[in-house]
Protein chains: 2
Amino acid sequence: MTGTEVTQAGAPEPLDASIRASNLKVTAPRLAVLRALTDAPHSTAERLFTAVRLQLPGTSLQAVYGVLAAFTAAGIARKIEPAGSSALFERRVGDNHHHIVCTRCNAVHDVDCAVGDAPCLTPANASGFAVHTAEVTYWGLCPDCQSEAAGTDPTPIGATPVDPTLTAPAQLSNKGAR
Amino acid sequence: MTGTEVTQAGAPEPLDASIRASNLKVTAPRLAVLRALTDAPHSTAERLFTAVRLQLPGTSLQAVYGVLAAFTAAGIARKIEPAGSSALFERRVGDNHHHIVCTRCNAVHDVDCAVGDAPCLTPANASGFAVHTAEVTYWGLCPDCQSEAAGTDPTPIGATPVDPTLTAPAQLSNKGAR
DNA sequence: GCCTTGTTTTGAGGGAATCAAAACAACTGT
DNA sequence: ACAGTTGTTTTGATTCCCTCAAAACAAGGC
């Protein structure tokens with residue numbers, strides 16, 4: 001009943017296998033977190049904690065933090081920290097992908113790399129740095145929020161959504177902006 | 001003597017002018033913060049606070065936060081939040097530039113955009129998002145840390161520098177890694 | 001110079017994440 | 001199957017970074 005036979009679409013290999021493969025001990029909290037992470041990618045520790053508690057009450061928030069730290073260290077999970085939000089976690093690792101965040105509802109989606117392996121990831125002037133990783137975050141409106149923002153109030157749903165004008169990253173060409 | 005005649009290289013226009021130009025009142029704390037920001041770009045609020053106090057004791061940390069919020073809202077400063085570090089501020093705004101962070105000493109440098117205005121900043125699959133801004137952060141070793149890391153300990157200088165393997169953004173081609 | 005409005009100070013508060021020690025459970029080998 | 005070892009989790013506290021609110025205060029317009 002602790003769910004070892006998770007033959008669900010989306011989780012090609014059994015949860016415990018990927019944990020064991022990283023030389024980590026397979027525990028109930030870890031399985032639960034990994035499952036929750038599979039069901040809801042780009043989740044905060046808190047969110048995962050909530051999900052985990054449904055299946056495994058008695059799990060502590062610190063355990064979730066610990067599990068996530070172990071997972072990211074082992075490379076079976078990845079931690080992203082978009083400006084203005086708390087850390088998010090995802091299982092998709094090892095591939096060169098980026099993220100796009102909705103400035104209104106904070107939804108996060110994966111974005112494949114534009115040009116393949118190392119797109120514009122080679123900086124123009126690295127000033128002597130030996131670059132080894134690159135990270136791209138896009139900001140915009142998700143489809144849902146586009147429709148709603150069209151005729152409705154321009155105000156974000158959640159209280160403070162991450163004001164793009166304050167953090168002001170690189171502005172794209174304004175064509176079609178408006 | 002509160003320094004209005006700052007004819008220093010790096011600050012082409014007087015500090016008070018750029019504040020006034022944004023319809024913000026010119027105050028001592030604001031001048032001090034703007035000066036500190038000019039001298040030390042990519043600084044945390046705390047760091048700026050320390051710098052400001054040298055010239056203007058009695059200034060509160062909250063004032064610095066307030067000034068920085070006003071500056072970013074007005075568009076005369078920009079706030080960046082590299083993963084694992086607290087918010088950093090810089091005066092360089094309006095141009096499409098990115099950042100490169102040393103994973104050992106946390107030094108931050110500006111990086112011009114690789115391909116001009118909108119480099120690889122057009123995501124491969126935006127999944128319907130209306131993208132309006134993009135942000136790129138490179139991670140690597142600064143020149144100084146490269147030399148030191150060559151023959152010395154691979155351990156970072158500051159206690160916890162931001163472990164790139166934990167946050168694991170997109171890996172560049174691994175050639176020359178190791 | 002006075003008034004209005006916007007800033008700064010002062011003091012408190014809150015969320016996210018980390019740290020440390022003790023209780024506990026998974027794997028190893030027998 | 002079982003005991004030992006090592007790695008996890010719990011429990012409890014704490015730190016860091018940043019925000020909020022009200023009162024004191026100063027800049028800029030008249």
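Quick note on labels: first sequence line is chain A, next is B, and so on, each numbered from 1. Given the structure is predicted, the values throughout are model-derived calculations rather than measurements.
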Response to the item:
Rounded to the nearest 0.5 angstrom, the OH-NE2 distance for Tyr138(B) and His132(A) is 14.0 Å

Fill in: For atom CD of Glu81(A) and atom P of dC18(D), their distance in whole Å
13 Å

Practice prompt. May I ask you to say whether Arg47(A) pairs ionically with Asp39(A), meaning some side-chain N is under 4.0 Å from a carboxylate O?
Written response: no

Practice prompt. Give the angle between the helix axes at the two ends of the helix from dG1(C)-dC30(D) to dT30(C)-dA1(D), taking five base pairs at each end and rounding to 10°.
Written response: 40°

Discussion item. As a quick check of understanding, evaluate ring pair (Phe, Tyr, Trp, His ring centres under 6.0 Å) for Phe89(A) and His42(A), giving each step before the final call.
Written reply: CA-CA 5 Å; Phe89(A) 297 85; His42(A) 311 130; over 10 Å; no

Discussion item. What contact category does Ala45(B) fall into here, base, sugar-phosphate, or nothing, at under 4.0 angstrom with non-hydrogen atoms?
Written reply: nothing

Worksheet, complete the sentence: Asn23(A) CG to dT6(D) P, in whole Å, measures 16 Å

Worksheet item: Do any N or O atoms from the side chain of Arg78(A) and from the backbone of Arg92(A) form a donor-acceptor pair under 3.5 angstrom?
Response: no

Worksheet item: Going by distance alone, is a donor N or O of one side chain under 3.5 Å from an acceptor N or O of the other, for Arg91(B) and Thr38(B)?
Response: yes

Discussion item. In whole Å, I'd like the distance from the CZ atom of Arg30(B) to the P atom of dC25(D).
Written reply: 19 Å

Fill in: Glu135(B) side chain vs His98(B) backbone, donor-acceptor pair below 3.5 Å
no

Fill in: Distance, rounded to the nearest Å, where Asp16(B) contributes CG and dA27(D) contributes C1'
13 Å

Worksheet entry | Integer-rounded Å distance: dC16(D) P and Arg47(B) CZ | 17 Å

Practice prompt. Return the value, rounded to whole Å, for the distance between atom CZ of Arg53(A) and atom P of dT9(D).
Written response: 15 Å

Worksheet entry | Positions of residues 59-67 of chain A (non-hydrogen atom under 4.0 Å from DNA chain C), listed by number | Gln62(A), Tyr65(A)

Worksheet item: Quick one: Arg20(A) CZ to dG7(D) P, roughly how many Å, whole number?
Response: 17 Å

Discussion item. What's Ala70(B) touching, base or sugar-phosphate or nothing? Going by heavy atoms closer than 4.0 Å.
Written reply: nothing

Worksheet item: Just by modelled atom types, is the Thr59(A) backbone N or O under 3.5 Å from a matching donor or acceptor in the Arg53(A) side chain?
Response: yes

Tabulate protein N/O versus nucleotide N/O from nucleotides 3-5 of chain D, keeping only pairs under 3.5 Å, one per line.
none

Worksheet entry | side-chain contact (heavy atoms from CB on, under 4.5 Å) assessment of Arg35(B) paired with Gln55(B) | CA-CA 10 Å; Arg35(B) 168 125 29 120; Gln55(B) 311 254 332; 3.5 Å; yes

Response to the item:
When rounded to whole Å, the CD1 to P distance for the pair Ile19(A) and dG7(D) reads 17 Å

Practice prompt. Could you check which of dC17(D), dT8(C), dT8(D) has an atom nearest any side-chain atom of Ser86(B)?
Written response: dC17(D)

Worksheet item: With no hydrogens and no angle check, is any side-chain donor or acceptor of Ser85(A) less than 3.5 Å from a backbone partner on Glu81(A)?
Response: no

Worksheet item: Charged N to carboxylate O below 4.0 Å: is that the case for Arg104(B) and Glu148(B)?
Response: yes

Worksheet item: Is it the case that His97(B) and Asp112(B) place a side-chain donor and acceptor less than 3.5 Å from each other?
Response: no

